[in-house]
Amino acid sequence: MNKRSQFFSQQVVQWYLDHGRHDLPWRKKVTPYRIWISEIMLQQTQVKTVVPYFKNFIKKFPSQKRLAGASEDQVLAAWSGLGFYRRARNIFATKEIIKNNYGNKFPNQFQQIIELPGIGKSTAGAIMSLAYLDPHPILDGNVKRVISRFLKKELDLLKEAELWKLSQEMLSRDDCFSYTQGIMDLGATICTPSNPSCDECPVNSECLSAFKVRSIKKNKTVSAKKVIVMNLSLIQTEKSLLLVKNETDSIWRNLWLPFDSGSIKNYIKNFKLTTKEKIKHELTHRRLEINLKTYSSLKEQEIETNQTYKWIKKDRIEEYGLPKPISKVIKEL
DNA sequence: CATACGTGGCC
DNA sequence: TGGCCAAGTAT
């Protein structure tokens, strides 16, 4: 085992140095702050999707100090369209902790880092290895797949604790930065879930699955998607939009949405109905159907409600966090 | 331990 | 087309 893991880590490091994606923006300039933001963005999200969001976020908030004064709305606005918005709320919460407890300097101890909201064992490990060059294992989809294939283990039979142990054993102590980046690049570009490019793989000669890779996923029982129906009314004047902050503890929490049609029905007579449409939006576990009515109003009418609402100037809409289907509709107005 | 949480891409 | 998957975490 020792020899195999040594071979594996050495090969991965060398492959990263020769063939890794060194041009990714969070690799060109490395700081704990940039590693943190990139690692959060990359949770369950592909590199290609993250790159433009990372560049935009860093442009708006170049450093820990420059993020310190941001509002949660501003952070959510920078996250608009990226999904899993809890990550953005956790970035806001974490930067508040770093401002109050760490003098706006990202902590450098594993135990401190893992206690920050939105940072679990794998992200904390990645930050330690990448930002502080202190070897800590990670365990994401890439590592699970690459290592279990290399050792020809049935992924579904491996328990989480065993996978962590394997990840720890394989980890290069000499160059944890290149190793950690390398195993993720390897999983994303060579040892892909389907149709892996085994002939380009640096550990091919010792891989127990090489040339006979097959899906090692068992069929999971998938329950039918629940359909969630939302009835929303988008009210606009010539220059502004009436939006309400979604403070329910569910999807799109703290993002801005059109009013629920029911909660604004007493005012509808003041507005002129312009369009009706049904928007279908597929999520992993849900199927959303948004019945959207669009109304025009002559003035920015005050609404009696205990919800947080705002008439938002159309030219300042980018300062607010909006879910994808809503920002799409607004762009097309 | 199963489920919620977004969105885009692939086959 | 619909299901699966992607640098996971929180509950």
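Each chain gets a letter, A, B and so on, in the order the sequences are listed, and its residues count up from 1.
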Atom [atom1] of [X] to atom [atom2] of [N]: distance rounded to whole Å?
X: A:K225; N: C:dG3; atom1: NZ; atom2: C1'; answer: 8 Å
X: A:R286; N: B:dC5; atom1: CZ; atom2: P; answer: 6 Å
X: A:W79; N: B:dC5; atom1: CH2; atom2: C1'; answer: 13 Å
X: A:W36; N: C:dT9; atom1: CH2; atom2: P; answer: 15 Å
X: A:L42; N: C:dT9; atom1: CG; atom2: C1'; answer: 15 Å
X: A:L24; N: C:dA7; atom1: CG; atom2: P; answer: 13 Å
X: A:R145; N: C:dC4; atom1: CZ; atom2: P; answer: 16 Å
X: A:L116; N: C:dG8; atom1: CG; atom2: P; answer: 19 Å

For a quick check of understanding: with a heavy-atom distance under 4.0 Å over all strands, which category does [X] fall into, base, sugar-phosphate or nothing?
X: A:R21; answer: base
X: A:V47; answer: base
X: A:W26; answer: base

Expressed as a whole number of Å, how far does the [atom1] atom of [N] sit from that of [M]?
N: B:dA4; M: C:dA7; atom1: P; value: 23 Å
N: C:dT9; M: B:dG8; atom1: P; value: 23 Å
N: B:dA2; M: C:dC4; atom1: P; value: 16 Å
N: B:dT3; M: C:dG3; atom1: P; value: 16 Å

Give a yes or no on this: more than 12 heavy atoms of other residues, nucleotides or ligands lie within 6.0 Å of atom [atom1] of [X].
X: A:E238; atom1: CD; answer: no
X: A:R21; atom1: CZ; answer: yes
X: A:R173; atom1: CZ; answer: yes

Do A:N291 and A:K278 have side-chain atoms, one donor and one acceptor, less than 3.5 Å apart? yes
Distance alone, cut at 3.5 Å: any donor-acceptor contact between the side chains of A:T45 and A:R87? yes
Ordered by number, residues from residues 127-143 of chain A within less than 4.0 Å of DNA chain B (heavy atoms) are none
Mind listing the closest non-hydrogen atom pair of A:I264 and A:S233 along with its distance? CG2-CB, 4.3 Å
Short question: side chain of A:Q11, backbone of A:P202 - any donor-acceptor pair under 3.5 Å? yes
I need the A:L67 CG to A:I91 CD1 distance, nearest 0.5 Å. 7.5 Å
Can you work out whether A:R287 or A:I114 has the more 5'-proximal nearest nucleotide on DNA chain C?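 Here A:R287 is the residue nearer the 5' end.
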Residue pair A:I119/A:S38 against DNA chain C: nearer the 5' end by closest nucleotide is A:S38
Which letter, B, S or -, goes with each nucleotide of nucleotides 6-11 of chain B from 5' to 3', with contact meaning a protein heavy atom under 4.0 Å? BBS---
Only pairs at least two apart or in different chains count here, so list each side-chain hydrogen bond (donor to acceptor under 3.5 Å, both in side chains) that has a residue in residues 108-127 of chain A. A:Q43-A:T123
Answer with yes or no after comparing the ring centroid distance for A:F106 and A:Y102 against a 6.0 Å cut-off, counting only values under it.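 Judged by ring-centre distance (under 6.0 Å), A:F106 and A:Y102 do not meet the cut-off.
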